[in-house]
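Here is the structure we will look at, set down as structure tokens.
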Amino acid sequence: MRNAKLERILPQVQKPARYVGGEWGAVSKDRNKVALRFAFCFPDVYEVGMSHLGSRILYGLLNDQPDIWCERVFAPWVDMEDAMRTEGIALYGLESGDPLHCFDIIGFTLQYELSFSNILNMLDLGGVPVLASERTGLKNLVVAGGPCAYNPEPLCDFIDLFMIGDGEEVMLDLTTLYRKAKEAGWGKQEFLIAAAQIPGIYVPSLYTVTYKPDGTVQAVTPQHGAPAFVQKRIVKDLDTMYYPASFVVPSTEIVFDRAMVELFRGCPRGCRFCQAGHTYRPLRRKSKETLVQQAVSVLQNSGYEEISLSSLSTSDYSGLSGLTECLLDYCEPRHISLSLPSLRADSFSRELMQRVQKVRKSGLTFACEAGTQRLRDVINKNITEEDVLGACEIAFQGGWNNVKLYFMIGLPTETSEDLDGIAEICKKVAYCWRMHTDNRARGVKITASASCFVPKPQTPFQWDAQNPLPMLRGKQAYMKEIMKTKNVTYNWHDAQTSVLEGVIARGDRRQGRAIYLAWQRGCKMDGWEKLFDFEKWMQAFADCGLDPDFYAARQRPLDELFPWDHIGCGTTKTHLRREWERSRRAEITPDCMQACAGCGANALLEGGKCCV
């Protein structure tokens, strides 16, 4: 990739390695010998996007097809964007350097609501019309998938179609249809009508939404034969699913710079606030043999010195002890460290600890979520204070002196007693270290982080109101007052970004106007606190006649029709409502490994059974 203008501006921007490509493992093909060019866009900076495992899988999958060339596109930081616009350089694919408007399909992964403005900005910077209605031809088809696609409505003005659920199979179905349409000379509308018949694909332009006088959804009506309900796609057998033999090795430091293998998809726990725990069901696991083979392959082909076992709840993998033993047999002689993220306090054992620290001892993280047992039962966390302290005791006895504890504030039914409980747990963890460490001179670092609860679609708490901004700030101020324990550092998440996340997360397609207006007024990189402009966003909603509190701070009736009710995540709305009702009684639901909760997701598998 040679570009004289680009070579001139790169020395003037931060981290120029973000923008040059050419990394080990990147795929180059002859643009004249492929039938379809796919731009895989991550709407954040290179360091964040290159850390995302799902993007790495789909990049490899698409490039494994001989007649498809998939390239990576990331959002440039503001200094680079300014220089690009000044020099007239369009946003480009890292592999070829070709502008975004040269690609057939432009795909975005939707990981976080506050990245939505970056989607508009990337399209504009790449010379692609932002509004779907202005892209009249088949070329530059804009598609999207990922967690936020479970409520796609706020982005309907900009995205031509959404892929719901696991991407591996539906992506190949889509690209097969596109190549057929391209060869036959179909128009865009003809293609979209056909694409809507592919299971797991939602084409928003084929649906009409009407609203009641109170602003809630009255009906979503499909047209042109589109299905009334779009159920997600899942990969049923992870052992036979495509997995890359190698990763692109970044040329600069990224957030998670290591090899990764995916243990399983889904989560058996059923925490009521967790969108991933409900939308990734049913639980499907890989065999130990497959995992060892994939791990060795990725390590050999990439040169990484650390490998992580990735899942929503790593310690719930049956046979984890035997798997780690096999992996350490390979890793230890080569000085490769093994990372086990997403460990639960109730599954942390001395044996597991000893395996984790054999090569390199890193910090440990435990998600307590709430400060009292009552509130942990409300959210169905299914861990106790004794679990947390027991795990910390094992860790401190084993020589650890760095522990992170995660909490949330603003959870449904929360009281001041629940906030006091957060401070109490931190105090008890600090005392636990003093009682069980064999080296007080080293000191201890306990970090307590509290994020603000955001009610998400497709969860039992989708009916609940988010705490308004003044209430969240009041709780944060209170926490700063009571978190006085020595050796405990307290961090908190910006309440304004959480409020906007809550507004968009449960939004409808009327929000497209506000998103477009906010972007026109300069909103972008909203997930980065120093660039986030809350007032611009609130003004954009006001100017469009929309009330943010209607979306975020409103307790919703149990019989309300949601904007996303025609999108299926596998878990039924009946189950979610039942879980909401149990939460009001602070009743726990056993995890899937103990008893089936009847969520409905198993119906997506042949035989209706998941791989617990």
[atom2] on [Y] to [atom1] on [X], rounded to 0.5 Å:
| X | Y | atom1 | atom2 | result |
| --- | --- | --- | --- | --- |
| Lys427 | Met483 | NZ | CE | 10.0 Å |
| Leu291 | Asp239 | CG | CG | 7.5 Å |
| Leu419 | Gln476 | CG | CD | 10.5 Å |
| Ile567 | Gln458 | CD1 | CD | 8.0 Å |
| Leu94 | Ser28 | CG | OG | 10.5 Å |
| Asn63 | Leu58 | CG | CG | 11.0 Å |

Which atom pair, heavy atoms only, marks the closest approach of [X] to [Y]?
| X | Y | result |
| --- | --- | --- |
| Met122 | Pro43 | SD-CA, 3.6 Å |
| Val429 | Phe396 | O-CE1, 3.6 Å |
| Cys392 | Val403 | SG-CG1, 4.3 Å |
| Ser55 | Phe40 | OG-CE2, 3.4 Å |
| Glu262 | Tyr243 | N-OH, 3.8 Å |
| Phe264 | Ser313 | CZ-O, 3.2 Å |

Checklist entry - Using 30° and 60° as the class limits, which term best fits the ring planes of Tyr304 and Phe247: parallel, tilted or perpendicular? => result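 It falls in the perpendicular class, over 60°.
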
Item to check | Any residue meeting ring-ring contact (aromatic ring centres under 6.0 Å, His included) with Phe407, in chain and number order, not counting sequence neighbours | outcome: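 Phe407 satisfies ring-ring contact (aromatic ring centres under 6.0 Å, His included) with no other residue.
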
Checklist entry - With sequence neighbours left out, what residues match Lys428 under salt bridge (Lys or Arg N to Asp or Glu O under 4.0 Å)? => result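 Residues passing salt bridge (Lys or Arg N to Asp or Glu O under 4.0 Å) with Lys428: Glu385.
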
Item to check | Results of salt bridge (Lys or Arg N to Asp or Glu O under 4.0 Å) for Asp494 - residues two or more places apart only | outcome: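 None.
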
Does the side chain of [X] reach to within under 4.5 Å of the side chain of [Y], using non-hydrogen atoms?
| X | Y | value |
| --- | --- | --- |
| Val73 | Ile106 | no |
| Leu10 | Met80 | yes |
| Thr497 | Asp526 | no |
| Leu263 | Asp316 | no |
| Val248 | Arg56 | no |
| Val78 | Leu531 | yes |
| Tyr150 | Ile164 | yes |
| Phe162 | Val143 | no |

Looking at [Y], is its backbone amide N or carbonyl O close enough to the side chain of [X] to form a donor-acceptor pair, meaning the two atoms are under 3.5 Å apart?
| X | Y | answer |
| --- | --- | --- |
| Glu95 | Gly21 | no |
| Asn301 | Ala245 | yes |
| Trp433 | Ile446 | no |
| Tyr59 | Gly54 | no |
| Asn602 | Pro282 | no |
| Asp166 | Glu168 | no |
| Arg269 | Leu312 | no |
| Ser297 | Gln293 | no |
| Gln594 | Pro590 | no |
| Thr175 | Met171 | yes |

For [X], enumerate each residue passing the side chain to side chain contact (heavy atoms under 4.5 Å, CB included) test, keeping only those at least two apart in sequence or located in another chain.
| X | answer |
| --- | --- |
| Tyr330 | Val296, Leu299, Gln300, Arg334, Ile336 |
| Asp387 | Ala345, Asp346, Ile383, Thr384 |
| Lys480 | Tyr490, Trp492 |
| Ser308 | Arg258, Met260, Ser339, Pro341 |

Assess the side chains of [X] and [Y]: does a donor N or O sit below 3.5 Å from an acceptor N or O?
| X | Y | result |
| --- | --- | --- |
| Glu71 | Ser96 | yes |
| His52 | Gln111 | yes |
| Tyr242 | Glu169 | no |

Using the side-chain hydrogen bond (donor to acceptor under 3.5 Å, both in side chains) criterion, which residues pair with [X]? Sequence neighbours excluded.
| X | answer |
| --- | --- |
| Thr589 | Arg272, Glu579, Arg582 |
| Arg374 | Thr413, Asp418 |
| Glu23 | Tyr46, Arg72 |
| Lys15 | Glu47 |

Next on the checklist: Salt bridge check, Arg233 against Asp173: does any charged N sit closer than 4.0 Å to a carboxylate O?
Outcome noted: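 Judged by the 4.0 Å cut-off on N to carboxylate O distance, Asp173 and Arg233 do form a salt bridge.
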
Checklist entry - For Arg265 and Met241, what are the C-alpha separation, side-chain angles and deciding distance, and is it a side chain to side chain contact (heavy atoms under 4.5 Å, CB included)? => result CA-CA 12 Å; Arg265 288 189 190 172; Met241 180 196 75; 3.4 Å; yes

Next on the checklist: Evaluate Asp44 against Ser115 for side chain to side chain donor-acceptor pair (under 3.5 Å), listing each step before the verdict.
Outcome noted: CA-CA 7 Å; Asp44 210 320; Ser115 70; over 6 Å; no

Checklist entry - Is the Lys NZ or Arg CZ of Arg18 less than 6.0 Å from the centre of Phe74's six-membered ring, within 45° of the axis? => result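 Checked: cation-pi criterion not met.
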
Next on the checklist: As a quick check of understanding, evaluate side chain to side chain contact (heavy atoms under 4.5 Å, CB included) for Cys271 and Asn380, giving each step before the final call.
Outcome noted: CA-CA 5 Å; Cys271 298; Asn380 205 44; 5.6 Å; no

Side-chain donor-acceptor distances from residues 448-456 under 3.5 Å, at least two apart:
residue, atom, partner, partner atom, Å
Lys456, NZ, Glu113, OE1, 3.2
Lys456, NZ, Glu113, OE2, 3.3
Lys456, NZ, Glu501, OE2, 3.0

Item to check | Over 12 foreign heavy atoms within 6.0 Å of NZ, Lys29 | outcome: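 Above 12, so yes.
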
